[in-house]
Amino acid sequence: RARVVCVCREDPRDASLAPHTVVVGPMPPADLRALLDEVEPGLSDAEAAGIVAHAKGSPWRLRQLSMGGAVDEQGPEKSLLMLAPIAMGVLRTLALVAASVPLDVLARATRMPTADALEALARRGYVEMSARGVRLHPSARPLVDALFDADDRAARAHKLVQAVVDAGNAELAASVVPLLRACPPALVRALFDK
């Protein structure tokens, strides 16, 4: 038997889930302050009080504010639409695969934002960065997928597969196999020849 726990910031709005849903209310200010002291020690009392007040009971919002980020009151969908085209291109390319994409491969597949802009995408929760590369955060995937059209998806799939072939990245090759339908036969052969 397995028990699955899903955590989200939105009401699932599904009547069948109501008996299985635990609503967690706002975090008390004292708890938020304790959390802030852990993640951002050394703030003055006035700075900490301002961040706690603006967090409005949300530890996620507190983390954004503590890292100097602006909180978009309109929600993640509107915030995503306000990203620069280069940042959106990176997110759309990453949406094609679940695996982390090394930075050198990603740079071959799409225009890259500055390192600071990429870090900002990570702080905002759109991407996760690790030693293996960058991957789209699972919670951002449905938002990014909703902004895709078929032609853009096919063009990006072609570029990503080409980048994987050019880089000779065997580990990532398995992740791009589902994208091969959008690619020319010669590119598909090149991927399997490597």
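Residue numbers count from 1 along this sequence.
- Summarising the geometry of Thr21 relative to Leu17, their closest heavy-atom pair is OG1-O, 2.7 Å, with the distance given to 0.1 Å.
- Side-chain contact between Leu103 and Leu118 is present, with heavy atoms from C-beta onward closer than 4.5 Å.
- With hydrogens and angles ignored, the 3.5 Å screen pairs a side-chain donor or acceptor of Arg156 with a backbone N or O of Gly89.
- Across all their heavy atoms, Val134 and Leu94 have their closest contact at O-CD2, 3.4 Å.
- When every heavy atom of Leu91 is checked against every heavy atom of Tyr126, the shortest pair comes out as CD2-CB, 4.0 Å.
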* To do: Could you give me the CA-CA distance, side-chain angles and deciding distance for Lys159 and Thr93, then say whether side chain to side chain contact (heavy atoms under 4.5 Å, CB included) is met?
  => CA-CA 9 Å; Lys159 286 181 182 177; Thr93 298; over 6 Å; no
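- In this structure, Arg141 contributes its side chain and Ala95 its backbone to a donor-acceptor pair below 3.5 Å.
- Contact record, Arg108 with Asp166: NH1-CB, 3.2 Å, taken as the closest heavy-atom pair.
- A salt bridge does not link Asp116 to Arg123: none of the charged side-chain nitrogens sits closer than 4.0 Å to a carboxylate oxygen.
- Annotation: the span from Asp37 atom CG to Leu32 atom CG amounts to 11.0 Å, rounded to 0.5 Å.
- For the pair Thr110 and Arg92, the minimum side-chain heavy-atom distance is 4.5 Å or more.
- Side-chain contact between Val144 and His137 is absent, with no heavy atoms from C-beta onward closer than 4.5 Å.
- Between Arg153 and Asp145 there is a side-chain heavy-atom pair separated by less than 4.5 Å.
- Linking ILVMFWY side-chain heavy atoms closer than 4.5 Å, directly or via other members, places Leu96 and Met129 in a single hydrophobic cluster.
- The minimum heavy-atom distance linking Pro113 with Val90 is given by the pair CD-CG2, 3.4 Å.
- Nearest heavy-atom pair across Ala99 and Arg135 is O-CB, 3.7 Å.
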